[in-house]
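Heads up, the thing below is written out as structure tokens.
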Amino acid sequence: MSIIEKAIGKIEKDVGNKSAKVTEKVEQKDDVESKSVLTRVSKGLRDHETDLIDRSIQEHETVKTNFINIDLDRLHRLGIVTPDKGKTQISEQFRIIKRPLLTKAFTKKNNNLIMISSALAGEGKSFCSVNLAMSIASEMDHRVLLIDADVARPSMPNLLGFTNKKGLMELLLGESNDVADVMIKTNVEKLSLITVGTSHSHATELLASQTMAMLLEELAQRYNDRIVIFDAPPMLLTSEARVLAERVGQIVLVVEAERTTQQAVNHVLDQFNSKSNINLIYNKVRTFSSSEYYGYYYS
């Protein structure tokens, strides 16, 4: 073999060895990159699983937060209608009270929005609101949403036994974007609640706002079987009830027997327009046979 042939052979051998080393390095690099990709994918999957778990926990907590278990035995002792106590004097009274309201509820726009108020504080409007809601919740064909709209003196949390939560004011302020965010389910199947939420110095303006008008329209039309009851402030103490009265379809005025004067009732009635659908509950009437109180209804 000549010197030239030997040189060519050596060059080819060196090139082959370098090629093999380059190939090996490339394979090693590919392997490292593959492992890096797999690590990133694995981490991504773990992060996604963690997000799903966190979201599931949050949703579960929201469900828990938006549910209350009403102590029905306690309500019964307070003289409030409960679905498990059968026929009682108070349940019969509110069967009479609710019937004309339900008859009119879907005959005209917003008639399923019912505001309950009184002339002054302490006449039993919140007591009547809860009783009416509980009575309607026993209906076969209707559901009821009870909204605490008494911004200055909310009674629903204390009466039903739960702490105040975000509610109507948060909806009107845009801090909650959906009614479902503030609606509270209960152990009474057809009864839901919305609290008044955080007290606000411009509550009257919020109730008179376009946002409130849109909310009322949604509440009135979203479900064709729902009655919405507003426990409103006393008419002669605040302006919020007067604003709300202009936007609901039916008004129930609670009048306390032997306390509310004719002058006070007339003063309240003068604040409604001639087209208002006004109903009266004459509350706390003492019977001759006992000291028990109950209400009569006038429309």
Side-chain angles (χ1 to χ4, degrees), residues 79-81 89-139 141-150 155-156 159 191 207 216 219-220 225-285 293-299:
I80 292 174
V81 176
Q89 187 177 41
I90 193 74
S91 67
E92 287 304 299
Q93 287 295 323
F94 276 90
R95 281 192 175 100
I96 296 170
I97 290 170
K98 73 180 176 182
R99 195 53 54 198
L101 296 170
L102 292 177
T103 300
K104 299 175 184 176
F106 299 100
T107 60
K108 188 179 177 182
K109 183 180 179 181
N110 285 6
N111 265 16
N112 60 329
L113 305 181
I114 303 171
M115 185 191 87
I116 299 184
S117 185
S118 58
L120 302 168
E123 297 189 71
K125 67 173 183 62
S126 296
F127 176 82
C128 290
S129 296
V130 173
N131 266 308
L132 181 60
M134 293 293 286
S135 184
I136 293 175
S138 67
E139 290 285 312
D141 302 320
H142 299 294
R143 294 181 177 275
V144 60
L145 173 62
L146 176 59
I147 299 178
D148 194 343
D150 194 340
S155 301
M156 204 162 65
L159 197 56
L191 172 67
L207 292 175
L216 291 176
L219 292 174
D225 64 342
R226 176 177 286 167
I227 306 296
V228 183
I229 297 173
F230 292 89
D231 180 18
M235 291 290 297
L236 299 183
L237 298 184
T238 69
S239 56
E240 288 99 344
R242 276 169 273 175
V243 170
L244 188 57
E246 295 174 358
R247 297 190 161 183
V248 299
Q250 299 191 75
I251 299 165
V252 176
L253 186 65
V254 178
V255 178
E256 183 178 351
E258 303 177 10
R259 179 181 173 223
T260 310
T261 65
Q262 183 68 44
Q263 182 181 7
V265 174
N266 289 337
H267 188 29
V268 171
L269 294 176
D270 287 342
Q271 297 184 40
F272 300 123
N273 64 55
S274 59
K275 295 182 180 179
S276 295
N277 187 347
I278 305 168
N279 310 272
L280 301 181
I281 294 179
Y282 197 46
N283 193 38
K284 301 182 182 179
V285 179
Y293 286 82
Y294 63 99
Y296 289 103
Y297 177 78
Y298 298 89
S299 177

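By convention here, the first residue in the shown sequence is residue 1. Keep in mind that this is a model prediction, so the values were computed, not measured.
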Please check: side-chain N/O of N279 versus main-chain N/O of I251, any donor-acceptor pairing under 3.5 Å?
yes
Heavy-atom pair of closest approach, residues D148 and M156:
OD2-N, 3.1 Å
On a heavy-atom basis, which atom in A149 and which in L244 lie closest, and how many Å separate them?
CB-CD2, 4.2 Å
What verdict does the side chain to side chain contact (heavy atoms under 4.5 Å, CB included) test give for D225 and D141, after you've listed the backbone C-alpha separation in whole Å, the side-chain angles of each residue and the deciding distance to 0.1 Å?
CA-CA 7 Å; D225 64 342; D141 302 320; over 6 Å; no
Any heavy-atom pair between the side chains of L132 and L101 that's under 4.5 Å?
yes
Inter-residue atom distance K98.NZ - I114.CD1, 0.5 Å rounding:
11.5 Å
Looking at P233, is its backbone amide N or carbonyl O close enough to the side chain of S117 to form a donor-acceptor pair, meaning the two atoms are under 3.5 Å apart?
yes
Compare every heavy atom of V144 with every heavy atom of A137, then report the nearest pair and how far apart it is.
CB-CG1, 3.8 Å
If the condition is side-chain contact (heavy atoms from CB on, under 4.5 Å), which residues does A119 pass it with, not counting sequence neighbours?
E123, L236, T260, A264, V268
Measure across E258 and Y282 and return the closest heavy-atom pair with its distance rounded to 0.1 Å.
N-OH, 4.2 Å
Should the pair F94 and F127 be assigned to parallel (<30°), tilted (30 to 60°) or perpendicular (>60°) ring geometry?
perpendicular
For the atom pair CG (L120) and NE2 (H267), what is the distance rounded to the nearest 0.5 Å?
10.0 Å
Under 3.5 Å, is there a donor-acceptor pair between the side chain of N131 and the main chain of V81?
yes
side-chain hydrogen bond (donor to acceptor under 3.5 Å, both in side chains) partners for Q262, two or more places apart
N266
Pairs in or reaching into residues 228-257: which pass salt bridge (charged side-chain N to carboxylate O under 4.0 Å, His left out), with residues at least two apart or in two chains?
K125-D231, E256-R259, E256-K284
Could you report the tightest heavy-atom contact between N112 and L219, atom names first, then the distance?
ND2-O, 4.3 Å
Spacing of N111 atom CG and I227 atom CD1 [to the nearest 0.5 Å]:
9.5 Å
Looking only at non-hydrogen atoms, find the nearest pair between F106 and R226 and report the distance.
CZ-O, 3.7 Å
Quick check for you: to the nearest 0.5 Å, what is the distance between L113 atom CG and L145 atom CG?
9.5 Å
Does some side-chain heavy atom of F230 sit less than 4.5 Å from a side-chain heavy atom of L207?
no
From Q250 CD over to I278 CD1, what is the distance, rounded to the nearest 0.5 angstrom?
11.5 Å
Between T103 and R99 (side chain of the first, backbone of the second, donor and acceptor by atom type, cut-off under 3.5 Å), is there such a pair?
yes
In Å, rounded to the nearest 0.5 Å, how long is the span from CG of L216 to CG of N110?
6.5 Å
I'd like to know if the side chain of N283 and the backbone of V254 have a donor-acceptor N/O pair within less than 3.5 Å.
no
